[in-house]
Amino acid sequence: ITSFNTMVSAYAQHGRIDDARRMFEALPERDMVSWNGMLTAYAQNNRLVEAAEMFLREMPKHDMVSGNILLAAYGQAGRVDDAKRVFDGMMEHNLVAWNGVLIAYAENARIEDAKLVFDAMPDSDIVSWNVMLGLYAQAGHLEESESLFGVMRQRNIVSWTSMVSGYAQNRQLQQARGLFLQMPQWNVVTCTAMLLAYARDGHLDEAKLVFDGMPERDQAAWNALLEAYAEARHLDDAKDLFDRMPERN
RNA sequence: AUUCUCAGCCGGCG
């Protein structure tokens, strides 16, 4: 059964829902992992109707993971109120469920509601804090994110990157730079955020330096620099970069 | 890696 479940998720990850479903149908018996795996297959491939249908009508029972899957799916689709309804219908809530509603509000820029949830949560972890921090930063409430960042018990690379990215979005290049240089580690995501901060401010040379110093480069990193060149009409640089891209899209 | 939550670019869909 574990092998079947593995196959269901594997298909789902590649967007092959119908194959996932066939595998699911072929299961001699189904446990919660099978059901939740199939539910995830729908949820993560934007098949909300099927997901809801499965959750409400097909599943013999739900556990906390099932609710969390549907909740997150509604949140990502911008259907915050449906997400909240799922949350309210759950028998019990673990931290993932709480973070799930929090994220649903955050993704849809419902600052007040997010804050209410954040304050009401029985426990919070670094994910909860990062979500609030990121929400404030994206909304341009940098003072709020700075103060959260300042009082957090721990910070991870996501916390740092959210701040850098918030500064970048709000055109605070020097703040972004200062924080970037203080970071304990960098990864490709952090560097792309910083690259973009430079680029948005017209510092293409600095953006290029960040790019060259990156530990590894993924498609997003290449695209970011390419876009920056294109935007600034550095077409020769853009062309050179384009020709050096390992994979084009 | 059998199922759920957080950060970066572009595009698609609504």
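Just so we're on the same page: letters track the sequence lines, and every chain starts at 1.
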Tabulate below the donor-acceptor pairs under 3.5 Å that side-chain atoms of residues 48-66 of chain A make, not counting sequence neighbours, or state none.
residue, atom, partner, partner atom, Å
A/Glu50, OE2, A/Arg47, NE, 3.1
A/Glu50, OE2, A/Arg47, NH2, 3.3
A/Glu53, OE2, A/Arg57, NE, 3.3
A/Glu58, OE1, A/Arg21, NH2, 3.0
A/His62, NE2, A/Phe55, O, 2.6
A/Asp63, OD1, A/Asn36, ND2, 3.2
A/Asp63, OD1, A/Val65, N, 3.0
A/Asp63, OD1, A/Ser66, N, 3.0
A/Asp63, OD1, A/Ser66, OG, 2.9
A/Asp63, OD2, A/Asn36, ND2, 3.4
A/Ser66, OG, A/Asn36, OD1, 2.8
A/Ser66, OG, A/Asp63, N, 2.9
A/Ser66, OG, A/Asp63, O, 3.3

Table please: side-chain donor-acceptor pairs of residues 203-211 of chain A below 3.5 Å, with sequence neighbours left out.
residue, atom, partner, partner atom, Å
A/Lys208, NZ, A/Asp212, OD1, 3.2
A/Lys208, NZ, A/Asp212, OD2, 2.8

Under 3.5 Å, which N/O atoms of the protein pair with N/O atoms of nucleotides 11-14 of chain B?
none

### Query
Just how far, in rounded Å, is C1' of B/rC6 from OH of A/Tyr105?
18 Å
### Summary
In whole angstroms, the gap separating C1' of B/rC6 from CZ of A/Phe149 amounts to 14 Å
Name the pairs: protein N/O against N/O of nucleotides 1-3 of chain B, kept only if under 3.5 Å.
residue, atom, partner, partner atom, Å
B/rU2, O4', A/Thr6, OG1, 3.4
B/rU2, O2', A/Asn5, O, 3.4
B/rU2, O2', A/Ser9, OG, 3.0
B/rU2, O2, A/Asn5, ND2, 2.8
B/rU3, O2', A/Thr40, OG1, 2.8
B/rU3, O2, A/Asn36, ND2, 2.8

### Task
Check whether any side-chain heavy atom of A/Phe242 sits under 4.5 Å from a side-chain heavy atom of A/Tyr229, and report yes or no.
no
### Message
Tell me every residue that passes side-chain contact (heavy atoms from CB on, under 4.5 Å) with A/Lys115, counting only those two or more places apart in sequence or in another chain.
### Response
A/Asp119, A/Met132, A/Tyr136
#### Entry: Side chain A/Asp125, main chain A/Ser128, donor-acceptor under 3.5 Å
yes
### Message
What is the separation between atom CG on A/Asn45 and atom P on B/rC4, rounded to the nearest whole Å?
### Response
12 Å
Pick out the pairs of N or O atoms, protein on one side and nucleotides 7-9 of chain B on the other, that lie under 3.5 Å.
residue, atom, partner, partner atom, Å
B/rA7, N1, A/Asn187, ND2, 3.2
B/rA7, N3, A/Thr161, OG1, 3.4
B/rG8, O2', A/Ala193, N, 3.3
B/rG8, N1, A/Asp218, OD2, 3.0
B/rG8, N2, A/Thr192, OG1, 2.9
B/rG8, N2, A/Asp218, OD1, 2.9
B/rG8, N2, A/Asp218, OD2, 3.2
B/rC9, O2, A/Asn223, ND2, 3.0

#### Entry: Residues forming a side-chain contact (heavy atoms from CB on, under 4.5 Å) with A/Gln154, sequence neighbours excluded
A/Ile126
### Query
Considering residues at least two apart in sequence or located in another chain, which fulfil the salt bridge (Lys or Arg N to Asp or Glu O under 4.0 Å) criterion with A/Arg30?
A/Glu25
## Note on the structure
Those residues at least two apart in sequence (or on a different chain) that pass salt bridge (Lys or Arg N to Asp or Glu O under 4.0 Å) with A/Arg171 are none
### Message
Nearest whole Å is fine: how far is B/rC4 P from A/Leu95 CG?
### Response
16 Å
### Query
How many Å lie between CG on A/Asn108 and C1' on B/rC6, as a whole number?
15 Å
#### Entry: Residues forming a side-chain contact (heavy atoms from CB on, under 4.5 Å) with A/Leu235, sequence neighbours excluded
none
### Query
Can you list the residues that meet the salt bridge (Lys or Arg N to Asp or Glu O under 4.0 Å) rule with A/Arg200, with sequence neighbours excluded?
none
### Query
Under the salt bridge (Lys or Arg N to Asp or Glu O under 4.0 Å) test, which residues partner A/Asp18, sequence neighbours left out?
none
